[in-house]
Amino acid sequence: MDRILTRLAAARREGRPFGITSVCSAHPLVLRAAIRRAVREGGPVLIEATCNQVNHLGGYTGMTPEDFIRFTERIAAEEGLDRARMIFGGDHLGPNPWRKERPEAALKQAELMVEAYVRAGFGKIHLDASMGCAGEPAALDDRTIAERAARLAEISERTAKAIGAPMPLYILGTEVPVPGGADHALEELRPTAPEAARATIAIHREIFSRAGLEDAFSRVIAFVVQPGVEFGSENVIGYRPELATELTALLDEEPQFVFEAHSTDYQTREALTRLVQDGFPILKVGPGLTFALREAAYALDMIASEMVPGYGDRPLAATMEAVMLSAPGDWRAHYHGDETALRLQRHYSYSDRIRYYWNRPEAEKAFEKLLAALRGKTIPETLLHQYLPQFSSAEAGDPRTILIAAIDRVLADYQSACGATP
């Protein structure tokens, strides 16, 4: 399956570009939807975990890299997907989760995390050492970033050799703004300047060579740049191909690489298709998938409130509000405004910070209550039309089926944009 990734640059040069969707989520229904689509369509599935979500200390999911792979493999086995068709990636692997610590301490943790990812079987490794740690500027210079990335790559290489694993493929660089979406309204976003991207590539090539990591650099398949797409809490910046023309022309000078596009959530099918055609064939999506999940879950919460005696008045939404208020650390710094604005953002923001709370015991209990309330029930067509008009009564036989179908509608746009895998 790694050959799919190593073919991306050549396919672009040959005038036959194709893409791959990078599913960045740990939610079991999102993973099931992605795996089920791979089974149905016969293609590969690329599933990625981020440094804050999954790491050697557990991350906010409580899973180590090995836990995450085993967890996903169990879902794949249930769905009948051959393990050979699964690609696992680690996203933003670097000191970010420990950036409040001094640089050396944060980098030591990042080294342990990278080692754990490679040892667990992640074959696509995005090294991101771009964020400053305690006592440093928020954004570091290219040389420091490249030196730290090379230090992490050395750990990755050594680990893969020690356990006899296939040597990793690498993604270098980072996007702007920060991972997971901007924390304010966006009006305009310019793509990375070609000279900045050119300098980033050059300094990484130099530093990796100086560190004796030429072989590792030969397995760098992409750099992360800003194509001009992003989402804030309440709006989305759509891709404008004409603004990225000079940036994508750089790929003609650097035939080894393509660009990896982060924060492609909420882009139209047409915009995603142009991104693939223009040189951004790795399309990362995460919050857009859990946003679709939450949207459908809240609609079912309303339906159950209307038709199931004793269910209550939107208990799932009420539970999520209580959970988020009791532990505001994962949303408070990202949302702004008065109490009404904050409440709306907690539940309906494009940034989808609510995704950090679905695995909490109270949330899981409320979610299971919803599924149990509607399981085996026939939702009247008129009620379905009120809250989930995009679904037919034939699709509404099981609440879990509706939730997976809602996620799959987003994935369908990505698959259409990526085209057939050669």
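Note that this is a predicted model, so its numbers are computed, not measured. Any value given below was found using the heavy atoms of this structure, including those in side chains, with hydrogens, waters and symmetry copies removed. Position 1 is the first residue of the sequence; numbering continues from there.
- Taking all atoms of both residues into account, the shortest heavy-atom contact from Ala363 to Val323 is N-CG2, 4.5 Å.
- At a threshold of 4.5 Å between non-hydrogen side-chain atoms, the residues Pro399 and Leu370 do not count as touching.
- In terms of heavy-atom proximity, Leu403 sits nearest to Ala297 at CD2-N, 3.5 Å.
- Arg99 contributes a side-chain N or O that, together with a main-chain N or O of Asn96, makes up a donor-acceptor pair within less than 3.5 Å.
- A donor-acceptor pair under 3.5 Å links the side-chain atoms of Arg353 to the main chain of Asp330, judged by distance alone.
- Phe257 and Phe223 have perpendicular rings, their planes meeting at more than 60° on a 0 to 90° scale where under 30° would count as parallel.
- In this structure the side chain of His92 reaches within 4.5 angstrom of the side chain of His262, judged on heavy atoms.
- Considering Tyr350, Phe291, Tyr239, Tyr266 as possible partners of Phe231, the one that fulfils the ring pair (Phe, Tyr, Trp, His ring centres under 6.0 Å) test is Tyr266.
- Applying the side chain to side chain contact (heavy atoms under 4.5 Å, CB included) rule to Ala196 yields the partners Thr192, Ala193; only residues at least two apart in sequence or on another chain are considered.
- Looking at Glu260, its side chain never comes within 3.5 Å of a backbone N or O of Val225 through a donor-acceptor pair.
- Counting heavy atoms from C-beta on, the side chains of Asp301 and Pro315 come closer than 4.5 Å.
- Side-chain contact between Val220 and Ile201 is absent, with no heavy-atom pair separated by less than 4.5 Å.
- Enclosure of atom CD in Glu136 by more than 12 non-hydrogen atoms of other residues, nucleotides or ligands within 6.0 angstrom is indicated.
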Test salt bridge (charged side-chain N to carboxylate O under 4.0 Å, His left out) applied to Arg343 and Glu339, step by step: CA-CA 6 Å; Arg343 177 177 58 80; Glu339 286 305 311; over 6 Å; no
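- At a threshold of 4.5 Å between non-hydrogen side-chain atoms, the residues Asp278 and Leu247 do not count as touching.
- Proximity of Leu29 to Arg400: side-chain heavy atoms (C-beta onward) are separated by under 4.5 Å at one or more points.
- Note: Trp98 and His56 have tilted aromatic rings, judged against thresholds of 30 and 60 degrees for the angle between ring planes.
- When atom types are taken as modelled, the side chain of Asp265 and the backbone of Gly286 share a donor-acceptor pair closer than 3.5 angstrom.
- Listed for the Trp358 side chain is no donor-acceptor partner under 3.5 Å among the backbone atoms of His27.
- Ionic pairing of Glu270 and Arg274 is not present here: no N-O contact between side-chain nitrogen and carboxylate oxygen is shorter than 4.0 angstrom.
- At least one donor-acceptor pair closer than 3.5 Å links the side chain of Tyr357 to the backbone N or O of Ala327.
- Around the CD atom of Glu364, the shell of radius 6.0 Å holds more than 12 heavy atoms that belong to other residues, nucleotides or ligands.
- Side chain of Arg219 to backbone of Tyr170: no donor-acceptor contact under 3.5 angstrom is found.
- Between the Tyr298 side chain and the Tyr348 main chain, no donor and acceptor come within less than 3.5 Å of each other.
- Looking only at distances, a side-chain donor or acceptor of Ser349 sits under 3.5 Å from a matching main-chain atom of Ser233.
- Without hydrogens or angle criteria, Asp141 side chain to Thr144 main chain gives a donor-acceptor distance under 3.5 Å.
- Under the 4.5 Å side-chain criterion, counting only non-hydrogen atoms from C-beta, Gln109 is not in contact with Pro97.
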side-chain contact (heavy atoms from CB on, under 4.5 Å) evaluation trace for Gln345 with His334: CA-CA 9 Å; Gln345 289 171 83; His334 300 267; over 6 Å; no
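- Donor-acceptor pairing under 3.5 Å is lacking for the side chains of Thr319 and Glu362.
- Using a cut-off of 4.0 Å between Lys/Arg side-chain N and Asp/Glu carboxylate O, Glu195 and Arg198 are scored as not salt-bridged.
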side-chain contact (heavy atoms from CB on, under 4.5 Å) between Met131 and Leu140, worked out: CA-CA 6 Å; Met131 294 182 183; Leu140 300 176; over 6 Å; no
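- A donor-acceptor contact closer than 3.5 angstrom is absent between the side chains of Asn52 and Thr50.
- One finds a salt bridge joining Arg151 and Glu111 here, because a Lys/Arg side-chain nitrogen approaches an Asp/Glu carboxylate oxygen to under 4.0 Å.
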Check residues 406-414 and write down every donor-acceptor pair under 3.5 Å in which the side-chain atom is one partner and the other belongs to a residue at least two apart or another chain.
unit_1	atom_1	unit_2	atom_2	d
Asp408	OD1	Arg37	NE	2.7
Asp408	OD1	Arg37	NH2	3.4
Asp408	OD1	Arg40	NH2	3.3
Asp408	OD2	Arg37	NH2	2.9
Asp408	OD2	Arg40	NH2	3.2
Arg409	NH2	Gln390	O	2.7
Asp413	OD1	Arg269	NE	2.7
Asp413	OD1	Arg269	NH2	2.8
Tyr414	OH	Thr264	O	2.9
Tyr414	OH	Thr264	OG1	2.9

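- What you find for Leu46 and Gly89 is that their closest heavy atoms are CD1-N, 4.3 Å.
- The heavy-atom pair separating Ala134 from Pro103 by the smallest distance is O-CD, 3.6 Å.
- Residues Val54 and Asp67 form no side-chain contact, since every pair of their non-hydrogen atoms from C-beta on lies 4.5 Å or further apart.
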Derivation of the side-chain contact (heavy atoms from CB on, under 4.5 Å) call for Leu31 and Phe71: CA-CA 10 Å; Leu31 296 176; Phe71 174 66; 3.7 Å; yes
